[in-house]
Novice: 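Here it is, the structure in full.
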Amino acid sequence: MTQYLPPPYSLQTPDIEKLKSRRAKLLAWMHSQGGGIAVIPSAPERARNRDNQYTYRHDSDFFYLTGFTEPNAWLILIAGDQDQSILFCLNKDEELEIWHGVRWGPKAAAEHFGFDRAEDVDSLDQSLPKLLPGHPRLFTTMSRPAGPELLSRLQLWVTQATTTTRGAQAIPHQWLDLSEVLAEMRLIKDADEQHIMRTAGRISAEGHVRAMQCAQPGKHEFELEAELLYTFRKHGAQAVAYNSIVAAGANACILHHAAGNSVMRDGDLVLIDAGCELDGYASDITRTFPANGKFSGPQRALYDIVLEAQYAAIALTSPAHHWNAGHDAAVRVLTQGLLEVGLLKGSLDEAIETSAYRPFYMHRTGHWLGMDVHDVGSYRKPPATHIERPWRMLQAGMVLTIEPGLYVRPAEHIPEEFWNIGIRIEDDAIVTDQGCELITRGVPVEADEIERLMKG
Ligand code: GLY
Ligand code: MN
Ligand code: MN
């Protein structure tokens with residue numbers, strides 16, 4: 001019998017008990033809704049061009065519940081008289097595995113990931129119409145990228161089940177979305193998740209340090225991107241958590257400028273927003289620095305305002321405060337700074353009240369961070385059925401970014417010395433009992449420290 005190597009994109013040995021307890025928690029919630037059957041697919045594979053796929057990335061909800069990273073996999077959970085968890089996954093196939101890599105196969109997957117049983121995914125279309133009867137409710141993750149394809153397959157299976165049972169058994173008559181309950185589960189990160197995120201933060205910080213050290217006038221954005229990617233992969237990160245933003249000069253005022261061919265010029269600021277994904281978890285760091293290693297007067301003035309805004313938001317990142325407190329504090333500091341340097345006129349309260357700062361600060365001060373870079377979880381108190389709910393309080397174990405910025409585009413009424421300055425400073429924070437732990441400060445953030453680092 002051939003001895004197979006482990007699949008190449010298998011992460012460390014899964015903690016079966018943890019995966020089982022996540023599934024048990026979801027099953028308990030399904031019971032609380034009256035019971036039924038949940039159908040949860042992983043992400044679809046996507047073609048890039050002929051015979052060539054985009055690098056596969058599992059669906060985060062699916063991964064959270066299974067630890068399983070192969071494509072073409074489905075999780076079925078049954079909350080009934082007897083709870084069951086069933087995985088449908090690719091069968092073993094020696095011929096195809098020579099081309100595409102080793103697979104677990106149902107038998108080994110069931111044992112290794114702790115499912116009650118597992119089956120060949122090729123049998124899904126036959127099996128699902130047989131599994132659905134007898135269950136009054138169908139649960140699935142409706143608001144995820146697999147959405148439209150998933151819903152049409154589910155419809156087909158329900159129709160087939162209806163035809164074959166002919167009223168002899170209940171067919172799911174209610175469809176419920178699992179997205180919100182899973183989002184709430186994923187929002188609080190346990191100690192192992194926090195550990196991975198700290199490591200991801202350290203790797204990403206090292207990538208930023210390396211990119212800063214390599215920067216100088218005449219280099220291209222893509223050369224700095226290469227330093228980031230090298231560092232991420234060298235330390236075992238499987239991917240970037242999002243496409244790297246490396247923006248020289250005026251490009252820094254485009255919030256999601258992809259690293260391109262632009263050349264850094266003497267006197268430019270460079271903004272890098274990049275982070276790796278490690279074992280399924282994202283990191284997300286932004287630093288802004290002078291291409292020539294020395295901030296100009298106007299650059300330094302705006303930089304210090306953004307940094308002060310970040311400190312103000314960090315100070316309110318604790319269980320004593322609600323989600324939006326940090327953003328409000330950052331807006332106040334940024335607006336005050338804009339008044340002081342003469343980019344805004346009038347009183348602070350009026351400038352905030354009328355959102356006069358928005359041409360210079362048009363995004364929010366952070367987002368949840370986790371398996372997805374913009375992670376799931378409501379920013380307001382659940383349940384989602386009430387539209388104008390109050391902001392939710394922060395809780396230990398939540399992870400978020402803190403990322404104020406200022407962006408000044410050329411305009412007649414703006415002094416030329418500020419034109420094309422784009423600054424964002426972004427760190428990742430784990431909320432603790434007392435406050436928060438910044439997990440990405442391995443890269444300097446103070447202007448003087450950045451200058452020191454760049455001097456070498
Ligand atoms: N990198 C995307 C963001 O900072 O939200
Ligand atoms: Mn971010
Ligand atoms: Mn970012």
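Predicted, not measured: the structure shown is a model, and the values here were computed from it.
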Novice: State whether a side-chain donor-acceptor pair under 3.5 Å links E45 with N72.
Specialist: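 No donor-acceptor contact under 3.5 Å links the two side chains.
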
Novice: Quick check against the 3.5 Å criterion: does D177 have a side-chain atom that pairs as donor or acceptor with the backbone of M142?
Specialist: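 Yes: the side chain of D177 pairs with the backbone of M142.
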
Novice: Let me confirm one number: the CG-CD distance from L339 to E350, rounded to the nearest 0.5 Å.
Specialist: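 Between L339 CG and E350 CD, I get 10.0 Å after rounding to 0.5 Å.
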
Novice: Evaluate L406 against R424 for side chain to side chain contact (heavy atoms under 4.5 Å, CB included), listing each step before the verdict.
Specialist: CA-CA 7 Å; L406 283 176; R424 180 161 66 254; over 6 Å; no

Novice: Applying side chain to side chain contact (heavy atoms under 4.5 Å, CB included), run through R198 and E437 and close with a yes or a no.
Specialist: CA-CA 10 Å; R198 272 188 206 97; E437 174 192 346; 2.7 Å; yes

Novice: I need the I425 CD1 to Y311 OH distance, nearest 0.5 Å.
Specialist: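 One finds 8.5 Å between CD1 of I425 and OH of Y311.
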
Novice: Sort out for me which residue in E426, E403, H327 forms a side chain to side chain donor-acceptor pair (under 3.5 Å) with T365.
Specialist: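 Among E426, E403, H327, the one that satisfies the side chain to side chain donor-acceptor pair (under 3.5 Å) with T365 is H327.
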
Novice: Measuring from atom CD1 of I414 to atom CZ of R409, what distance do you get when rounded to the nearest 0.5 angstrom?
Specialist: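 Here the interatomic distance stands at 9.5 Å.
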
Novice: Of the non-hydrogen atoms in I16 and G114, which two are nearest, and what is the gap between them?
Specialist: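 Smallest heavy-atom distance, with atoms named: CG2-CA, 3.8 Å.
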
Novice: In this structure, is the centre-to-centre distance between the rings of Y379 and W368 below 6.0 Å?
Specialist: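 Between Y379 and W368, which both carry aromatic rings, the centre distance is below 6.0 Å.
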
Novice: Does K234 pair with E227 as a salt bridge, N-O distance under 4.0 Å?
Specialist: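 Between E227 and K234 there is no salt bridge, as every charged N stays at least 4.0 Å from the carboxylate O atoms.
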
Novice: Whether the side chain of S355 engages the backbone of A351 through a donor-acceptor N/O pair (distance < 3.5 Å, no angle test) should be reported.
Specialist: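 Not at all, since once roles are kept as given, no pair shorter than 3.5 Å links the two residues.
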
Novice: Could you check whether atom CG of N243 has more than 12 heavy atoms from other residues, nucleotides or ligands sitting under 6.0 Å from it?
Specialist: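 At most 12 heavy atoms, drawn from other residues, nucleotides or ligands, come within 6.0 Å of this atom.
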
Novice: Got a donor-acceptor contact below 3.5 angstrom from the H220 side chain to the E223 backbone?
Specialist: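 Such a contact is absent between H220 side chain and E223 backbone.
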
Novice: Could you go through H58 and Y56, starting from their C-alpha distance and side-chain angles, then the distance that decides it, and tell me whether this counts as side chain to side chain contact (heavy atoms under 4.5 Å, CB included)?
Specialist: CA-CA 7 Å; H58 54 259; Y56 184 68; 4.2 Å; yes

Novice: Taking the side chain as C-beta and beyond, is there a heavy-atom pair between H208 and I272 under 4.5 Å?
Specialist: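 In contact.
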
Novice: For the pair R452 and D448, find out whether any cationic side-chain nitrogen is under 4.0 Å from an anionic carboxylate oxygen.
Specialist: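 So R452 does not pair with D448 through a salt bridge.
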
Novice: Counting C-beta onward and ignoring hydrogens, is there a side-chain heavy-atom pair between P390 and H322 closer than 4.5 Å?
Specialist: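 No; the side chains remain at least 4.5 Å from each other.
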
Novice: Are D15 and R22 close enough for a salt bridge, meaning some N to O gap below 4.0 Å?
Specialist: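 No, no charged N to carboxylate O under 4.0 Å.
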
Novice: So, E193 side chain and D190 main chain: donor-acceptor pair closer than 3.5 Å or not?
Specialist: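 Checked: pair present.
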
Novice: Looking at R57 and E277, is there a salt bridge between them, counting it only when a charged N and a carboxylate O are closer than 4.0 Å?
Specialist: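 The answer is yes: the pair qualifies as a salt bridge.
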
Novice: Is it true that a side-chain atom of Y242 and a backbone atom of C276 form a donor plus acceptor pair closer than 3.5 Å?
Specialist: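 Here the side-chain-to-backbone pair does not exist.
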
Novice: Can the ring centroids of W104 and H112 be said to lie less than 6.0 angstrom from one another?
Specialist: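 Judged by ring-centre distance (under 6.0 Å), W104 and H112 do meet the cut-off.
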
Novice: So which atom in E451 and which in G293 form the shortest heavy-atom distance, rounded to 0.1 Å?
Specialist: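 That closest heavy-atom pairing would be CG-O, 3.3 Å.
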
Novice: Are F62 and W74 close enough that their ring centres sit under 6.0 Å apart?
Specialist: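 Centroid separation for F62 and W74: 6.0 Å or greater.
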
Novice: Looking at S283 and A241, what are the two nearest heavy atoms and their distance?
Specialist: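 Smallest interatomic distance, heavy atoms only, reads O-CB, 3.7 Å.
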
Novice: Going by an N to O cut-off under 4.0 Å, is there a salt bridge joining D349 and R332?
Specialist: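 Yes, charged N to carboxylate O under 4.0 Å.
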
Novice: Using modelled atom types only, decide if a donor and an acceptor are shared between the side chain of T140 and the backbone of I40 within a distance under 3.5 Å.
Specialist: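 Not confirmed, T140 side chain does not pair with I40 backbone.
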
Novice: In a check of side chain to side chain contact (heavy atoms under 4.5 Å, CB included) between L400 and each of D427, L369, T317, which one passes?
Specialist: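 Testing L400 for a side chain to side chain contact (heavy atoms under 4.5 Å, CB included) against D427, L369, T317 leaves exactly one candidate, T317.
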
Novice: Taking D375 for the side chain and D372 for the main chain, is one N or O donor matched with an acceptor at less than 3.5 Å?
Specialist: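 Here the side-chain-to-backbone pair exists.
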
Novice: Kindly determine whether R287 and E449 satisfy salt bridge (Lys or Arg N to Asp or Glu O under 4.0 Å), including the steps that lead there.
Specialist: CA-CA 12 Å; R287 287 293 183 269; E449 279 179 52; over 6 Å; no

Novice: Do D273 and H256 have a side chain donor and acceptor closer than 3.5 Å?
Specialist: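 Side chains of D273 and H256: no pair found under 3.5 Å.
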
Novice: Compute whether any side-chain donor of one residue and acceptor of the other, for D428 and T440, lie under 3.5 angstrom apart.
Specialist: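 There is no such pair (donor and acceptor under 3.5 Å, judged by atom type) between the side chains of D428 and T440.
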
Novice: For the residue pair V306 and L334, establish whether any side-chain heavy-atom pair is separated by less than 4.5 Å.
Specialist: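 Yes, side chains in contact.
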
Novice: Is D83 salt-bridged to R23, going by a charged N under 4.0 Å from an acidic O?
Specialist: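 No, this pair does not count.
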
Novice: Between the side chain of E225 and the main-chain N/O of S244, is any donor-acceptor distance below 3.5 Å?
Specialist: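 Checked: no pair found.
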
Novice: Which atom pair, heavy atoms only, marks the closest approach of L19 to T66?
Specialist: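 That closest heavy-atom pairing would be CD1-O, 3.3 Å.
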
Novice: At what distance, to the nearest 0.5 angstrom, does CD1 of I352 lie from OG1 of T335?
Specialist: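 One finds 4.5 Å between CD1 of I352 and OG1 of T335.
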
Novice: Compare all side-chain heavy atoms of L307 with those of I423 and state whether any distance is below 4.5 angstrom.
Specialist: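 No, their side chains stay 4.5 Å or more apart.
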
Novice: Would you name the heavy atoms of L316 and L394 that are closest together and state the gap between them?
Specialist: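 Minimum heavy-atom contact is O-CD1, 4.1 Å.
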
Novice: State, to 0.1 Å, how close F63 and G280 come at their nearest heavy-atom pair, and which atoms those are.
Specialist: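 Where F63 meets G280 most closely, the heavy atoms are CE2-CA, 4.2 Å.
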
Novice: Supply the atom-to-atom distance F418 CZ to L302 CG, rounded to the nearest 0.5 angstrom.
Specialist: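 Result: 5.0 Å between the selected atoms.
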
Novice: Taking the six-membered ring for Trp, are H363 and Y361 closer than 6.0 Å centroid to centroid?
Specialist: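 Centroid distance H363-Y361: below 6.0 Å, so yes.
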
Novice: Are any of the side-chain heavy atoms of V181 and L26 separated by less than 4.5 Å?
Specialist: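 Yes, close enough: below the 4.5 Å cut-off.
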
Novice: Is it the case that atom NE2 in H173 sees more than 12 heavy atoms from other parts of the structure closer than 6.0 Å?
Specialist: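 More than 12 heavy atoms, drawn from other residues, nucleotides or ligands, come within 6.0 Å of this atom.
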
Novice: Check whether the side chains of E221 and N251 place a donor and an acceptor atom closer than 3.5 Å, and report yes or no.
Specialist: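 The criterion, which ignores hydrogens and geometry beyond distance, is satisfied for N251 and E221.
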
Novice: Kindly indicate whether the side chain of L271, heavy atoms from C-beta on, has any atom under 4.5 Å from the side chain of C253.
Specialist: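 Answer no - side chains too far apart.
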
Novice: Is the closest side-chain heavy-atom distance between P106 and L87 below 4.5 Å?
Specialist: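 No, side chains not in contact.
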
Novice: So, is the end of the R392 side chain (NZ or CZ) under 6.0 Å from the ring centre of W323 and within 45° of the ring's axis?
Specialist: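 No, R392 and W323 do not form such a contact.
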
Novice: Tell me whether the count of non-hydrogen atoms from other residues, nucleotides or ligands lying under 6.0 Å of NZ in K25 goes above 12.
Specialist: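 Incorrect, the count does not exceed 12.
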
Novice: Do the side chain of S127 and the main chain of L124 share a donor and acceptor less than 3.5 angstrom apart?
Specialist: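 Pair absent, no side-chain N/O of S127 close to backbone of L124.
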
Novice: Indicate, with yes or no, if the rings of F295 and Y303 have centres closer together than 6.0 Å.
Specialist: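 Centroid separation for F295 and Y303: below 6.0 Å.
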
Novice: Rounded to the nearest 0.5 Å, what's the gap from CG on L255 to CE on M362? Could you check?
Specialist: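 Rounded to the nearest 0.5 Å, the CG-CE separation comes out at 5.5 Å.
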
Novice: Is there a side-chain contact between F88 and I76, using heavy atoms and a 4.5 Å cut-off?
Specialist: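 Contact flag for F88/I76 side chains = yes.
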
Novice: Quick check: does any side chain N or O of R103 sit under 3.5 Å from a backbone N or O of E70, one acting as donor and the other as acceptor?
Specialist: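 Flag not set: sc R103 to bb E70 has no pair under 3.5 Å.
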
Novice: Using distance alone, with no hydrogens and no angle criterion, decide if R210 and Y230 have a side-chain donor and acceptor under 3.5 Å apart.
Specialist: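 No, no side-chain donor-acceptor pair sits under 3.5 Å.
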
Novice: Determine whether D284 and H374 satisfy the following criterion, side chain to side chain donor-acceptor pair (under 3.5 Å), listing intermediate values before the conclusion.
Specialist: CA-CA 10 Å; D284 184 6; H374 290 179; 5.1 Å; no

